A.B. asks: 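First the structure, which I've put down as structure tokens, then a few questions once you've had a look.
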Number of protein chains: 2
Amino acid sequence: MTDHKRPRPTESELEILQILWANGPSSVRFVNEQLNQKREVGYTTTLKLMQIMADKGLASRNTDNRSHIYEANAEEGETRKRLLDEFVDATFQGSAMKLVVQALGGGQASREELDEIKALIRKLESGEK
Amino acid sequence: MTDHKRPRPTESELEILQILWANGPSSVRFVNEQLNQKREVGYTTTLKLMQIMADKGLASRNTDNRSHIYEANAEEGETRKRLLDEFVDATFQGSAMKLVVQALGGGQASREELDEIKALIRKLESGEK
DNA sequence: TTGCTATTACGAAATATTTCGTATATCCTT
DNA sequence: AAGGATATACGAAATATTTCGTAATAGCAA
């Protein structure tokens, strides 16, 4: 089950997907509360967005109870990979390398993270084609 | 001179910035031709976008000649960094590490690129705080 | 039951972005 | 000077996205 056909999530939809990925199936109220920790959003705004997401297939919902429970349909890793690919194309002309350099160079990565990346590179190199 | 105050470029504006960064100051016609190698866009559409970019301060233009020459104002590295930061926040919850892993894991990086990254990491580690 | 609260449904306004038609000006060729 | 090609200016339509008001419905408490 890939993300084929599913449209790219908009910025707001992505915010909601993050919440659903992090917390599992959730009610609109819960998602709205989480959103409001970052910025002010009206309840019906969140509701509408989530309904649209269900329409688009980005999420599915259980309507058995009065309070509907929404669940991300778009799989986390798949979706992130796809968005990353598009972002690399749009912003770094398709060069993942340039992006990684920029990401690492920003001083964002801690020593532990650098170690992890080194380990990852070793793994990639050993299983090289 | 940072990008302070300058609004984030839209997707289309970013496409144009890429062309200006890659080719230096350019005419609308040239930019439009480059765009059309990827997708069909009308000339006046490109023109309008570039005029908007000038309004927003993303680009500046020389109007001495009949054919105006546009130049990116937003600096390449700065802009990419900023977009990357926002993207990391939005898509990887602020974890540059997760993003790098995803980018490297995609099998996108060649051996040479991996070597470059290793070198970069060594450099980062030596100048560690 | 009656009223209060929480929920979804629906549609439309508000905003942002993209696209292009048309008018007008300028340059170039003859 | 006239005509054609090419440029910019301008505004508005088309599209995409976000936001919310209002109404209808269901649950709950008194």
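Keep in mind that the numbers below use all heavy atoms, side chains included, and drop hydrogens, waters and symmetry copies. This one's a predicted model, so the numbers in the text were calculated from it and none came from an experiment. Naming: A, B, ... by sequence-line order, numbering from 1 per chain.
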A.B. asks: Is it the case that the side chains of B:Gln18 and B:Arg80 hold a donor-acceptor pair, with the cut-off being a distance below 3.5 Å and no angle test?
C.D. replies: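 Yes.
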A.B. asks: I need the NZ-C1' distance between B:Lys56 and C:dA16, as an integer number of Å.
C.D. replies: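 So the two atoms are 9 Å apart, to the nearest Å.
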A.B. asks: Measuring to OP1 and OP2 of C:dA9, would you say a side-chain N or O of A:Gln51 lies under 4.0 angstrom away?
C.D. replies: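 A:Gln51 to C:dA9 OP1/OP2: side-chain N or O found under 4.0 Å.
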A.B. asks: What's the CG-C1' distance between B:Asp55 and D:dA9, to the nearest Å?
C.D. replies: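 In whole Å, D:dA9 C1' lies 11 Å from B:Asp55 CG.
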A.B. asks: Starting at atom CG of B:Asn36, determine the distance to atom P of C:dC20, rounded to an integer number of angstrom.
C.D. replies: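 So the two atoms are 10 Å apart, to the nearest Å.
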A.B. asks: From the options D:dT8, C:dT19, C:dA9, select the nucleotide whose nearest atom is closest to the side chain of B:Ser12.
C.D. replies: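 Nearest nucleotide to the side chain: C:dT19.
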A.B. asks: Check every atom of C:dA9, D:dT19, C:dT19 against the side chain of B:Val41 and return the nucleotide holding the closest atom.
C.D. replies: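 For the B:Val41 side chain, the nearest candidate turns out to be C:dT19.
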A.B. asks: A:Lys48 side chain: which of C:dA12, C:dC20, C:dT18 is closest?
C.D. replies: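 Of C:dA12, C:dC20, C:dT18, C:dA12 is nearest to the side chain of A:Lys48.
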A.B. asks: In whole angstrom, what separates A:Leu47's CG from D:dG21's P?
C.D. replies: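 So the two atoms are 14 Å apart, to the nearest Å.
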A.B. asks: CD1 of A:Ile52 versus P of D:dT17: gap in Å, rounded?
C.D. replies: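 A:Ile52 atom CD1 is separated from D:dT17 atom P by 10 Å.
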A.B. asks: Quick one: is C:dA9 close enough that its OP1 or OP2 comes under 4.0 Å of any side-chain N or O from A:Arg66?
C.D. replies: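 False: A:Arg66 side-chain N/O out of range (4.0 Å or more) of C:dA9 OP1/OP2.
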A.B. asks: Just the rounded figure in Å: distance from C1' of D:dT6 to CD of B:Glu33.
C.D. replies: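 About 13 Å, once rounded to whole Å.
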A.B. asks: With distance as the sole test, does B:Asn32 use its side chain to make a donor-acceptor pair with the main-chain N or O of B:Val28 at under 3.5 Å?
C.D. replies: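 Pair absent, no side-chain N/O of B:Asn32 close to backbone of B:Val28.
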A.B. asks: Measure from the side-chain heavy atoms of A:Arg29 and tell me the nearest of C:dT18, C:dT7, D:dA5.
C.D. replies: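 For the A:Arg29 side chain, the nearest candidate turns out to be C:dT7.
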A.B. asks: Name the nucleic acid region contacted by A:Thr44, choosing base, sugar-phosphate or nothing; use a 4.0 angstrom heavy-atom cut-off, strictly under.
C.D. replies: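 Base contact.
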A.B. asks: Minimum heavy-atom separation for B:Val88 and B:Ser95, please, with both atom names.
C.D. replies: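 In this case the closest contact between B:Val88 and B:Ser95 is CG1-N, 3.6 Å.
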A.B. asks: Answer with base, sugar-phosphate or nothing: what part of the nucleic acid does B:Arg8 contact at a heavy-atom distance below 4.0 Å?
C.D. replies: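 No contact.
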A.B. asks: Between C:dT8 and A:Tyr43, is there an OP1 or OP2 to side-chain N/O distance shorter than 4.0 Å?
C.D. replies: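 Checking A:Tyr43 against C:dT8: at least one side-chain N or O falls below 4.0 Å of OP1 or OP2.
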A.B. asks: Are A:Met50 and A:Ile16 packed together at the side-chain level, in the sense that at least one heavy-atom pair is separated by less than 4.5 angstrom?
C.D. replies: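 In contact.
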A.B. asks: Is the phosphate of C:dT17, meaning OP1 or OP2, less than 4.0 Å from a side-chain N or O of B:Thr10?
C.D. replies: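 Checking B:Thr10 against C:dT17: no side-chain N or O falls below 4.0 Å of OP1 or OP2.
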A.B. asks: Side chain of A:His68 only, heavy atoms from C-beta on: which candidate in C:dT18, C:dT7, C:dA9 is closest?
C.D. replies: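 The closest nucleotide is C:dA9.
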A.B. asks: My understanding is that only one of B:Thr45, B:Val41, B:Leu49 makes a side-chain contact (heavy atoms from CB on, under 4.5 Å) with B:Ser12; could you say which?
C.D. replies: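 So, applying the side-chain contact (heavy atoms from CB on, under 4.5 Å) to B:Ser12 and each of B:Thr45, B:Val41, B:Leu49, only B:Leu49 qualifies.
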A.B. asks: Rounded to whole Å, please give me the gap between CE in A:Met50 and P in D:dC20.
C.D. replies: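 Interatomic distance, CE of A:Met50 to P of D:dC20: 17 Å.
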A.B. asks: Figure out the CE/P separation between A:Met53 and C:dA9, and round it to whole Å.
C.D. replies: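 One finds 16 Å between P of C:dA9 and CE of A:Met53, rounded.
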